[in-house]
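I'd like to ask some things about the structure below.
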Amino acid sequence: MRITFIGSGGVGGYFGGRLAAAGADVVFVARGAHLRALQTRGLRIDSPDGDIHVAHVQATDDPRVYGEPGVVFVAVKCYDSAGAVSLLRPIVGSETVVIPLQNGVDGVETLTRAVGRERVAGGTCYVSAVISEPGVIRHTAMNRLVFGELDGHPSPRLETLRGICEGAGIDVLLSTDIQSEIWTKLIRLSVLSGLTSVTRCPAGVLHTDPELAKLVESGLGEGLTVARAKGINLPFKDVGELVAGFRKLAPDTRSSMLEDLERGHRLELPWLSGAITRIGRELGVPTPTHAFISAVLGPHVDGHQRK
């Protein structure tokens, strides 16, 4: 089973690198200096779980040269989805399954419009990893990959994929309710990303400052209410369970959106707090905390302060 990663940064580079190191047939789609490094030096992962170096990898900016894959993971930032779709369409065959590993809840719908529902599964992941230099991924925490068919039923194609991932040492879950998994991540990540970015502080400050802790609770509660209004079945009795889980984050945890903000990069804000605010408005659910986050960070969403 050939596995193609469209997007080979922190997410695609990390999971793809683990799979390639275990002997899987992996194609990395990348660009620029990162692509050149992959093609000439291979891929290195610096990780507390053990460093990895794959000296020779299949890397390209045109996945058509490697033919039709069995699986395509779309691991680009949400604002790059249109470019990913243009690369995706020519390589999707009758047996290909496409899985988004993106933040937010719009990935499945975007890919379904592009290639058809029967060729799409749902996915999400938990990993802290970035490109530290071209060809090198710095992994600091988590190693969780989640995917599942949209109808919740098991399938041979995803059972096979799960086995390959397990063989690569990835903590993998084949979910029977992937929408629940996707929304659970959105609820948590939107608060972490939004409030660490607004405050320019790691999670420990959100835990210990009483006023910020109130914002954490209200933001989590808004996401939970919107998801329930949307008809999503979530594994939480109340917001207290979400708060308790949030407080388990390591005090030095920083969101990737904070990293992007500090580097002057574009932000995924419209797909995080922006999405909760938008969907809440559509459903008549107030979301004042997420609206505040969206307003405060709005001037920086394009990677520079608007004049």
Side-chain angles (χ1 to χ4, degrees), residues 1-22 24-39 41-47 49 52-54 56-63 65-66 69-88 91-92 96-104 107-108 110-111 120-147 161 164-165 168-172 182 185 189 256 259-260 265-266 268 271:
M1 175 184 280
R2 175 170 296 132
I3 304 171
T4 295
F5 282 84
I6 296 183
S8 302
V11 171
Y14 173 75
F15 287 113
R18 283 213 166 271
L19 289 165
D25 182 1
V26 177
V27 173
F28 297 91
V29 180
R31 59 192 178 190
H34 190 49
L35 172 60
R36 291 191 292 273
L38 292 174
Q39 291 174 329
R41 302 194 301 270
L43 175 65
R44 192 176 88 223
I45 300 174
D46 297 332
S47 170
D49 299 329
I52 293 171
H53 182 217
V54 186
H56 302 285
V57 299
Q58 301 177 114
T60 182
D61 58 1
D62 183 0
V65 301
Y66 288 102
V71 176
V72 179
F73 283 113
V74 176
V76 300
K77 295 283 191 179
C78 294
Y79 46 72
D80 283 333
S81 292
V85 165
S86 67
L87 291 170
L88 175 67
I91 62 170
V92 172
T96 304
V97 58
V98 184
I99 305 174
L101 295 181
Q102 296 176 287
N103 293 327
V108 166
T110 298
L111 295 177
V120 177
T124 190
C125 64
Y126 294 88
V127 64
S128 180
V130 297
I131 298 175
S132 59
E133 61 181 271
V136 181
I137 304 296
R138 185 178 74 248
H139 170 237
T140 53
M142 298 178 287
N143 174 36
R144 178 81 159 164
L145 189 58
V146 184
F147 46 78
L161 179 60
I164 295 171
C165 292
I170 295 170
D171 177 17
V172 61
I182 292 169
K185 181 176 180 182
L189 182 62
S256 60
E259 301 277 356
D260 288 338
H265 296 170
R266 293 180 67 182
E268 289 189 299
W271 294 271

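The structure presented is a predicted model; accordingly, all values stated were derived computationally and were not measured. FYI, side chains are in, hydrogens and waters are out, and symmetry mates aren't considered; it's all heavy atoms of this structure.
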Query - Expected output: side-chain Ser8 to main-chain Val29 donor-acceptor under 3.5 Å - result: yes
Query raised in the report: Are Asp61 and Arg31 close enough for a salt bridge, meaning some N to O gap below 4.0 Å?
Result: no
Query - His139 side-chain N/O to Tyr14 backbone N/O, donor-acceptor pair under 3.5 Å - result: no
Query raised in the report: Any sub-3.5 Å donor-acceptor pair from Arg266's side-chain atoms to Lys77's backbone N or O?
Result: no
Report task. Mind running side chain to side chain contact (heavy atoms under 4.5 Å, CB included) on Leu161 and Ile3 for me, showing each step along the way? Result -> CA-CA 9 Å; Leu161 179 60; Ile3 304 171; 3.9 Å; yes
Query raised in the report: Parallel under 30°, tilted from 30 to 60°, perpendicular over 60°: which one fits the rings of Phe28 and Phe5?
Result: parallel
**Report entry** Residue pair Phe15 / Leu145, side-chain heavy-atom distance below 4.5 Å
**Finding:** yes
Report task. May I have the step-by-step check of side chain to side chain contact (heavy atoms under 4.5 Å, CB included) for Tyr66 and Thr4, ending in yes or no? Result -> CA-CA 9 Å; Tyr66 288 102; Thr4 295; 5.9 Å; no
**Report entry** His56, NE2 atom: more than 12 neighbouring heavy atoms under 6.0 Å
**Finding:** no
Query raised in the report: Any sub-3.5 Å donor-acceptor pair from Lys185's side-chain atoms to Cys125's backbone N or O?
Result: yes
Query raised in the report: Counting N and O atoms only, with roles assigned by atom type, does the side chain of Arg18 sit under 3.5 Å from a partner on the main chain of Ile45, one being a donor and the other an acceptor?
Result: no
Requested in this report: Mark yes or no for whether Glu268, through its side chain, and Tyr79, through its backbone, hold a donor-acceptor pair below 3.5 Å.
Outcome: no
